Amino acid sequence: MDTLSISSLCFDKDQFMKVGMDKAINNLSIPLGQLREEVLSVKSVMEDAEKAVQHKLLARSKIREKKACLQRLININKSVEKMEVILGMRGLQSAEIIENDDGEIELTGQQIERVASEFNQLQYYVTQSKGLPLVEKIRPRIAAITVTLQHSLERMFKESLQTNNVDMLRQCLRTYATIDKMRDAEALFRKVSVAPYMAEVISERFIQMNPQGLKGMFNKVMEFIPMHCGLIREVTSPLFSSGSEKVVGGYNFMVNAVWPEIVSSLESRVASIFASGNPDTFHQKYLISMEFVDKFERECGSQSSVKRLRAHPSYNTFMSKWSLPVYFQIRFQEIAGSVETALMNPFNTATGNNGFKLSVFDTIWNALQMCWKDQVYITPLAHRFWKLTLQIILRCTTWISEVSEKEINEKPTNTENQSLSSDGDKATDDKSPPVTMAQMIFLIGDVDKLYEKLPSMFTKCIQVKLSSICKDTSFLTESFEEARSKLIELQDSFCSFIVKQVCGLCSAHLKSANDIPRLYRRTNREVNMSAVVLVTCFP
């Protein structure tokens, strides 16, 4: 009974708790729904308020932009009117404006600088207001102001150069920099100063009349720098400035005005200097021209200016005019052709004074020296002449191998049919090799002599020239020694061949010595008082 009563009480308690919770939840659902509706309502109101604020901010931003645009248009109009008054382009003219004899307006330096400053602001306003009807309408007036300002600056620039007025030139260049027309100033200097001078100096007629020829012409061109660029460099370069006035930066008249005009004049008036048909003349003119380029680079004044010069399109144009590959091809045909011609008759007697017995080695030595002669060698072609040097040495090695293969390996020694002539030379039949023993000995001696002379040529000639463009020449030395060592690889085989040849020739004649006892054995012949045939075979 107790157990039953307790379980019934627990059941009644669970039922009671379940009914109570449902009732509580039902009581809370109504106010929660009302709260949700209120929150959504507040959210909607806030979103509407946010949209209204955003709309007003956007409208205010547009109004602000329009005000700024309107202010720019007002400033454009005011600037144009102000400049027109200063330049005397309106009905009212400034009291400071002066007209020259031609009726053109002459402005003072301060007026030009004021107009330039105002023009610089005008350019900014016009850029910001691009496309607006008022700007398009006012553009003709701006163009007229631009032309008038440029003419005034040009007159001021020319006058400062003619009168050597440093202050006027400084003010003029500063004005050009203010309106971002520095390249126009450099172009003007090229037109009024550089071009007339170069037109007189750079010509075929000047080269022909000058005793020094092309070198004299380039010397005359270099005289232009101290004569006409001194004032310019004093104003624009801190290296040449003599006063306490601050230099006007951003200009490089040497690179952007003088050098392009020189190159243009060379291309149009003396293009014959670039012709590569005659290699000797081409080499001479190339070295003279490169010497001129080096002098011009030293006049640039700074390393950064030299870098800008070498990066200039006209510099690359000038360098590309020199047909160095064509020049090397001509030299290659001369040098390599002489070697190949000598190899056609390699065992002719040498006529040179190089100490060689065979003409082929004399020619090879001359070819190697020619690659590095001052009258032939050009620094930009150093890699090609180096390659040609190694090719000549290896070509000699290949020819020596061919001689060894033909005269030693393919034709075994035949001593039975060989004899010595009365003058000591070898008499051969149709099957004997075409190379005589004396020629073989000359070949061995010339190979040794060439092998001994190559190191001195490399040290005194090749290494000196290559060290200027290559600091570490150790790898060059290794490759040169490798090619040089191949020359003497077959020396032992040639020596062995000659020894066998000499032994074979001697054996053929010594066989007759065996017949001497037989001639006098058991005979009553008188003793022969003359030399036997064996003795007469040897000189």
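These numbers were taken from a predicted model, which means no experiment stands behind them. The residues of the chain are indexed from 1 along the displayed sequence.
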Does the pair Glu159 and Asn165 meet the rule for a side-chain hydrogen bond (donor to acceptor under 3.5 Å, both in side chains), with working shown? CA-CA 8 Å; Glu159 183 180 352; Asn165 192 326; over 6 Å; no

Test side chain to side chain contact (heavy atoms under 4.5 Å, CB included) on Glu267 and Thr317; report intermediate values, then the result. CA-CA 9 Å; Glu267 290 179 342; Thr317 300; 2.7 Å; yes

Would you check, one step at a time, whether the test side chain to side chain contact (heavy atoms under 4.5 Å, CB included) holds for Phe458 with Arg484? CA-CA 11 Å; Phe458 178 80; Arg484 173 173 166 260; over 6 Å; no

Go through the steps to decide whether Ser237 and Arg233 satisfy the test side-chain hydrogen bond (donor to acceptor under 3.5 Å, both in side chains), and finish with yes or no. CA-CA 5 Å; Ser237 176; Arg233 295 201 290 183; over 6 Å; no

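No salt bridge links Lys449 with Glu452; every basic N to acidic carboxylate O contact stays at or beyond 4.0 Å. Taking the charged nitrogens against the carboxylate oxygens, Lys191 and Glu261 have no contact shorter than 4.0 Å, which rules out a salt bridge. The pair Glu297-Arg310 meets the salt-bridge criterion, with a side-chain N (NZ, NE, NH1 or NH2) lying under 4.0 Å from an Asp/Glu carboxylate O. Under the 4.0 Å criterion applied to side-chain N and carboxylate O atoms, Lys453 and Asp446 are not assigned as salt-bridge partners.
For Leu487 against Ile393, the heavy-atom pair with the smallest separation is CD2-O, 4.0 Å.
Checked by atom type and distance alone, the side chain of Ser264 never pairs as donor or acceptor with a backbone atom of Pro260 at under 3.5 Å. Ser404 places no side-chain N or O within donor-acceptor distance of the main-chain N or O of Ile400, the cut-off being under 3.5 Å. Although no hydrogens or angles enter the test, the distance criterion places no donor-acceptor pair under 3.5 Å between the side chain of Thr473 and the main chain of Leu476. At least one donor-acceptor pair closer than 3.5 Å links the side chain of Ser338 to the backbone N or O of Ile335.
If you take CD1 on Ile288 and CG on Asn219, they are separated by 9.5 Å, rounding to the nearest 0.5 Å. Considering OG1 of Thr397 and CD1 of Ile488, their distance stands at 10.0 Å, rounded to 0.5 Å.
Classification of the Phe385-Trp372 ring pair by plane angle, with boundaries at 30° and 60°, yields tilted.
Each of Phe318, Phe253, Phe224 was checked for a ring pair (Phe, Tyr, Trp, His ring centres under 6.0 Å) with Trp259, and the lone residue meeting it is Phe318.
Phe328 and Trp386 have their aromatic ring centers separated by at least 6.0 angstrom. Close placement of the Phe282 and Trp322 rings is indicated, their centers lying within 6.0 Å of each other.
Heavy atoms of other residues, nucleotides or ligands lying less than 6.0 angstrom from CG of Asn353 number 12 at most.
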